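Reading through the structure tokens given below for one structure.
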Amino acid sequence: MKTRVLVGLSGGVDSAVTAALLLKEGYEVFGCWLDIGLGGRREAEKVAAHLGIPLLVGDIREELEREVCAPFAAEYLAGRTPSPCALCNPKVKFPALLRAAQEVGADVIATGHYARIRRDEEGELGLYRGREKNDQVYMLAGLPKAFLPSILFPLGDLEKKQVRQLARDFGLPVADKPDSMEICFVPQGDYAAWIETRGQVPPPGDFVDREGKVLGTHRGIHHYTVGQRRGLGLSAAARLYVSEIRPATNQVVLSWGDQLQAGTVTCESLNLYSPISQGQEVLLRLRHSKIAYPATISLEEGRARFLLKDPARAPTPGQLAVFYAGDRVLGSGWIVKEA
RNA sequence: UGGGGUGUAGCCAAGUGGUAAGGCACGGGACUUUGACUCCCGCAUCCGUUGGUUCGAGUCCAACCAUCCCAG
């Protein structure tokens, strides 16, 4: 009997190829499109029709608002920089797909993410990075370990180029659709304006230097993130960067680029896949970028502190820190302000 | 009012007779399933104004205007 799998179909290339590959491998495939209230269903329907699979529709508007949108706005107002995709996957997207899978009696779900789930020598399931070129495990590192047995990432061993070629080979109608790169619920890309349309408009305040000297006026703290350079509108002898956001005084602190380096990073709300230990050496990612910093773990109650071998540029409160051993993700945690 | 200084793009600033550096800001692009960073490209037909000298002036001269400082 065929294994039944539910594939999250966004209407994009990756998820379409995911479904096509699973069909080819002999799975019984159900598609599931998640409705966030901003359209896009037609594309998913076209893909499902092309593949000849049923398409379920899951309405996640309520959970998305509660678990992602509201916290997203709140984080900015608190002077932090949220990472909505990394939050949505464990809190909304994957739970919704798992629920839908249960409804149709599917044993597993699959998505078009570039990451891998494998068993190690001891038979333990682990989350692993995808190909260096287009690894997306950062956005998935918040997924509870308990989800892993129910997830397939058929694209994990592939690169984007291959996937586009496969899409053409399969004759998928979305083969040449451009990659999406924005926050799904902020389609125009202007997240600050989006926050303001919710009725929360943080007031302008002072740009200050490290000594507290006022340098200018900022447009509201939600416009800034640590390490940011553009959009400040201030000219100086050299490039100025945001080095700290102080919600209590509504100040945005600016400094030169060389003052953004940090030797330690602290995170909390840890999500672990493997046990970690005091003094353990890991590779640390502080944002969705290619740079991994060698670091040593220092455990404190409920928190992990990382001592970086070389300083890292602008660790940002609110972003996810993901730590690895080789390709294997050991866990993740949310970056907090250093004491 | 007297003495001195300064006036080059949004900001800072090179340039001292040969046909406008650079930095910051800003705009665009690349990169990127978050925010950022980074990289690439663009950005003064014109140098406070008006005259003058010169083959040729931002660069020399004069007057005027503006602004700053010290005298009061």
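By convention in this document, chain letters (A, B, ...) are assigned in the order of the sequence lines, proteins followed by strands, and residues within each chain are numbered from 1. Please read these numbers as outputs of a predicted model, since none were measured by experiment.
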Gap in Å between the two [atom1] atoms, one belonging to [N] and one to [M], rounded:
{"N": "B/rG7", "M": "B/rG56", "atom1": "P", "answer": "26 Å"}
{"N": "B/rU53", "M": "B/rA63", "atom1": "C1'", "answer": "15 Å"}
{"N": "B/rC31", "M": "B/rC37", "atom1": "C1'", "answer": "11 Å"}
{"N": "B/rC46", "M": "B/rA20", "atom1": "P", "answer": "12 Å"}
{"N": "B/rC39", "M": "B/rA21", "atom1": "C1'", "answer": "22 Å"}
{"N": "B/rC69", "M": "B/rA44", "atom1": "P", "answer": "33 Å"}
{"N": "B/rG28", "M": "B/rC68", "atom1": "P", "answer": "36 Å"}
{"N": "B/rU19", "M": "B/rU59", "atom1": "C1'", "answer": "12 Å"}

For the pair [X] and [Y], find out whether any cationic side-chain nitrogen is under 4.0 Å from an anionic carboxylate oxygen.
{"X": "A/Glu132", "Y": "A/Arg129", "result": "yes"}
{"X": "A/Asp176", "Y": "A/Arg164", "result": "no"}
{"X": "A/Arg246", "Y": "A/Glu244", "result": "yes"}
{"X": "A/Arg305", "Y": "A/Glu268", "result": "no"}
{"X": "A/Asp14", "Y": "A/Lys160", "result": "yes"}
{"X": "A/Asp157", "Y": "A/Arg116", "result": "yes"}

Hey, would you say the [X] and [Y] ring centroids sit under 6.0 Å apart?
{"X": "A/Tyr324", "Y": "A/Tyr138", "answer": "no"}
{"X": "A/Phe185", "Y": "A/Phe72", "answer": "yes"}
{"X": "A/Phe306", "Y": "A/Phe323", "answer": "yes"}

Between [atom2] on [N] and [atom1] on [X], what's the gap in Å once rounded to a whole number?
{"X": "A/Leu320", "N": "B/rU33", "atom1": "CG", "atom2": "P", "value": "16 Å"}
{"X": "A/Leu215", "N": "B/rC24", "atom1": "CG", "atom2": "C1'", "value": "13 Å"}
{"X": "A/Leu240", "N": "B/rC26", "atom1": "CG", "atom2": "C1'", "value": "15 Å"}
{"X": "A/Phe94", "N": "B/rU33", "atom1": "CZ", "atom2": "C1'", "value": "12 Å"}

Mapping A/Ala237 and A/Asp14 to their closest nucleotides on RNA chain B, which lands nearer the 5' end? A/Ala237
What residue pairs, at least two apart or across chains, pass salt bridge (Lys or Arg N to Asp or Glu O under 4.0 Å) with a residue in residues 198-208 of chain A? A/Glu65-A/Arg198
Taking A/Glu124 as the fixed residue, which of A/Arg119, A/Arg118, A/Lys145 is the one that meets the salt bridge (Lys or Arg N to Asp or Glu O under 4.0 Å) rule? A/Lys145
Flag, side chain of A/His50 to backbone of A/Lys46, donor-acceptor distance under 3.5 Å: no
Using a 4.0 Å heavy-atom cut-off, does A/Leu87 contact any base of the nucleic acid, only the sugar-phosphate backbone, or nothing at all? nothing
Writing each nucleotide of RNA chain B 5' to 3' as (, ), [, ], | or . by Watson-Crick or G-U pairing under 3.5 Å yields ((((((((.[[[..)..(...]]].(((((.......))))).....[[[[[..)....]]]]]))))))).
Result of checking A/Pro311, A/Pro315, A/Ser243 against A/Leu260 for side chain to side chain contact (heavy atoms under 4.5 Å, CB included): A/Ser243
Given A/Val163, which of A/Val13, A/Leu21, A/Thr18, A/Asn134 fulfils the side chain to side chain contact (heavy atoms under 4.5 Å, CB included) condition? A/Val13
Under 3.5 Å donor-acceptor pairs involving side-chain atoms of residues 105-112 of chain A, not counting sequence neighbours:
residue	atom	partner	partner atom	Å
A/Thr111	OG1	A/His113	ND1	2.7

Once base and sugar-phosphate atoms are separated, protein heavy atoms under 4.0 Å mark nucleotides 6-15 of chain B, 5' to 3', with B, S and - as ----BB----
What's the base orientation of B/rC37: syn (chi within 90° of 0) or anti? syn
Review item, nucleotides 35-37 of chain B N/O atoms under 3.5 Å of protein N/O:
residue	atom	partner	partner atom	Å
B/rG35	O2'	A/Tyr76	OH	2.9
B/rG35	O6	A/Arg287	NE	2.8
B/rG35	N1	A/Arg287	NE	3.4
B/rG35	N2	A/Thr225	OG1	3.0
B/rG35	N2	A/Thr316	OG1	2.8
B/rG35	N3	A/Thr225	OG1	3.4
B/rA36	O2'	A/Gln228	N	3.4
B/rC37	OP1	A/Arg229	N	2.7
B/rC37	OP1	A/Arg230	N	2.7
B/rC37	O2'	A/Arg313	NE	3.4

Close residues, residues 128-142 of chain A, relative to RNA chain B [heavy-atom separation under 4.0 Å]: A/Gln136, A/Met139
